[in-house]
There are 2 protein chains.
Amino acid sequence: MLSQTEENYLKNLFNVGDGEKEVGTNELAAYLGVKPASVNDMLKKLKEKKLVDYEKYGKISLTEEGRRKAVEVVRKHRLWETFLYSTFDFTWDEVHEVAEQLEHIQSAKLVNKLDEFLNYPAYDPHGDVIPNAKGEMPAVHKKTLLEEVVGHHCTMVAVKDNSAPFLQYVSRLGLGINNKLTVVARHAYDGQMEIEVNKKVVTISPRFAQNIVIVCDDCGKK
Amino acid sequence: MLSQTEENYLKNLFNVGDGEKEVGTNELAAYLGVKPASVNDMLKKLKEKKLVDYEKYGKISLTEEGRRKAVEVVRKHRLWETFLYSTFDFTWDEVHEVAEQLEHIQSAKLVNKLDEFLNYPAYDPHGDVIPNAKGEMPAVHKKTLLEEVVGHHCTMVAVKDNSAPFLQYVSRLGLGINNKLTVVARHAYDGQMEIEVNKKVVTISPRFAQNIVIVCDDCGKK
DNA sequence: TTTTTTTGTTAGACAAATCTAACTTTTATT
DNA sequence: AATAAAAGTTAGATTTGTCTAACAAAAAAA
Ligand SMILES: [Mn+2]
Ligand SMILES: [Mn+2]
Ligand SMILES: [Mn+2]
Ligand SMILES: [Mn+2]
């Protein structure tokens, strides 16, 4: 079994550079908050365990197996964030630190129950995609509600403003993370928008709309 | 801050011998599943930190501060067990292993929210008392429902039989951990008992009653 | 009260994860 | 191409928690 430290290296290797850009020792060290020498030591160990591909002075990447482990940790991290946020009323900025610990709890049953309890959420409170039980993670283009096309259906995935007045107003309107929204209308006069949520239509200002992050469910679908 | 290992030593020191009997190096080592030499090393460190009282070749005990830390870990352990049991449908015997990990999560807010979410439970699924937020832990005499006096009020704290048929029958009757029960009657003919739970009276067999662990709420009260 | 058994301690070794300081390779700049 | 800068590596040290094997003290048995 992997140590917490090994799990953290894999997860951060997965997150740094968003899976695309090549990563080196120094960059990963800075990201992890340790010294390059420590990263170098750990890379040898992870290579030995066939979790990373790495040649001396070369770039670092995850193996298939390494990626699988990393995604599992990311999944747990984001499920716990969602749980803390939606069940225990943690704020957007409080969840990360605790999820950083909870992501290392070893219990397949617990993860599955958590997922089920939260009704299989697709996004965490920061709007990041939660990998499903198979480790699948659809790539997704986020935008603000202000930019959404009239008539389109979308999912609310995050807020940009974390102030109490804003958040109170959000919940007053019946909005919440992972809610399905439909843009009913946008008025040219002052940019006011009408949004349908849970069978009810509410009217919001453009300023408000700009602070709601969504994923379009119609865009890019055939 | 304490390491997980230090927390485990304190918790097990608290649990071994139920706070009464004096404990030595060998006994604690056996309880923790490590060698006496390891315990000896750790005791020096914990003594240094003023968490245990210990003299060479003497008996081991917790200081005030050590006891406080231990109780906090016990509290978290039992709250998590209760959560897993009552919210995520873990069985009686599955909860311990996961709680062993969750008890080390550092977040005062999380513990408080958990306690609130569970409605401040007094007992965990094994019938052990959950210390409250102040670290108070009333000593308590458990017995089976079969032994309870007619007319007395009590709290169901655990089951002795963990088989599926029994547990299904328990929930069918509307019984559950931390429920308040009243013994309405006991029939001399065959020992059948009538129990009031949630305003309803159900009839149970003596065999059934013997597998329900309770704490009397009337006994020992003035 | 000796002797034996149990209990507890110490020294020395080891694995994991980190660091510093010195060194090497690669890349960028002149 | 030579030099300077950046990136990456290594050796050796440190901390934490563990172990084994040898030793010492205390308790129990004879
Ligand atoms: Mn972590
Ligand atoms: Mn997140
Ligand atoms: Mn533990
Ligand atoms: Mn318990």
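Lettering of chains follows the sequences in order, A, B, ..., and the numbering in each one begins at 1.
Residues satisfying the side-chain hydrogen bond (donor to acceptor under 3.5 Å, both in side chains) test with A:Arg78, not counting sequence neighbours, are none. Looking at residues two or more places apart in sequence or on another chain, you find a side-chain contact (heavy atoms from CB on, under 4.5 Å) between A:Pro36 and A:Thr25, A:Asn26, A:Ala29. The side-chain contact (heavy atoms from CB on, under 4.5 Å) check on B:Glu116 picks up B:Lys113, B:Tyr120, with sequence neighbours excluded. Remark: A:Lys47 pairs with A:Glu55 by the salt bridge (charged side-chain N to carboxylate O under 4.0 Å, His left out) rule, at least two apart or across chains. With sequence neighbours excluded, no residue forms a side-chain hydrogen bond (donor to acceptor under 3.5 Å, both in side chains) with B:Ser86. Taking B:Arg68 as the reference, B:Glu65 meet the side-chain hydrogen bond (donor to acceptor under 3.5 Å, both in side chains) condition, with sequence neighbours excluded.
Computed from coordinates, the B:Asp41 CG to D:dT20 C1' distance equals 12 Å when rounded to whole Å. Rounding to whole angstrom units, CD of residue B:Glu48 and C1' of D:dT16 are separated by 15 Å. Going from atom NZ of A:Lys44 over to atom P of C:dA15 covers 16 Å, rounded to whole Å. Rounded to whole angstrom, the span from the NZ atom of B:Lys47 across to the C1' atom of C:dT9 amounts to 14 Å. Between the CG atom of A:Asn40 and the P atom of C:dT20 there is a distance of 15 Å, rounded to whole Å. Rounded to whole Å, the distance from CD on A:Gln4 to P on D:dT16 is 17 Å. Rounded to whole Å, the distance from CD1 on B:Ile60 to C1' on C:dT9 is 13 Å. Going from atom CD of A:Glu55 over to atom C1' of D:dA7 covers 17 Å, rounded to whole Å.
In terms of position along DNA chain C, the nucleotide closest to B:Tyr54 lies nearer the 5' end than the nucleotide closest to the other residue of the pair B:Tyr54 and A:Ser3.
Applying the salt bridge (Lys or Arg N to Asp or Glu O under 4.0 Å) rule to pairs touching residues 98-110 of chain A yields A:Lys11-A:Glu100, A:Lys11-A:Glu103, A:Lys109-B:Glu94, sequence neighbours excluded. Pairs engaging residues 25-37 of chain A under the salt bridge (Lys or Arg N to Asp or Glu O under 4.0 Å) rule: A:Lys21-A:Glu27 [sequence neighbours left out]. A salt bridge (Lys or Arg N to Asp or Glu O under 4.0 Å) check over residues 157-167 of chain A, counting only residues at least two apart or in different chains, returns nothing.
Ion pair A:Glu148/A:Lys143 flagged as a salt bridge, since at least one NZ, NE, NH1 or NH2 atom sits closer than 4.0 Å to an Asp/Glu carboxylate oxygen. A salt bridge links A:Lys180 with A:Asp217: at least one charged nitrogen is closer than 4.0 Å to a carboxylate oxygen. Using a cut-off of 4.0 Å between Lys/Arg side-chain N and Asp/Glu carboxylate O, A:Arg75 and A:Asp115 are scored as salt-bridged.
Near DNA chain D, defined here as any heavy-atom distance below 4.0 Å, the residues from residues 27-37 of chain A are A:Pro36, A:Ala37, listed numerically.
The listed nucleotides are D:dT18, C:dT10, D:dT10; the one nearest the side chain of B:Tyr9 is D:dT18. You'll find that the side chain of A:Ser38 is closest to C:dC19, out of D:dA7, D:dT18, C:dC19.
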Short heteroatom pairs, N/O only, protein and nucleotides 13-15 of chain D, under 3.5 Å:
none

Interface polar pairs with nucleotides 23-29 of chain C, N/O, under 3.5 angstrom:
{"unit_1": "C:dT25", "atom_1": "O4'", "unit_2": "A:Tyr57", "atom_2": "OH", "d": "3.3"}

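Within the 4.0 Å cut-off from OP1 or OP2 of C:dA16, not a single side-chain nitrogen or oxygen of A:Thr5 is found.
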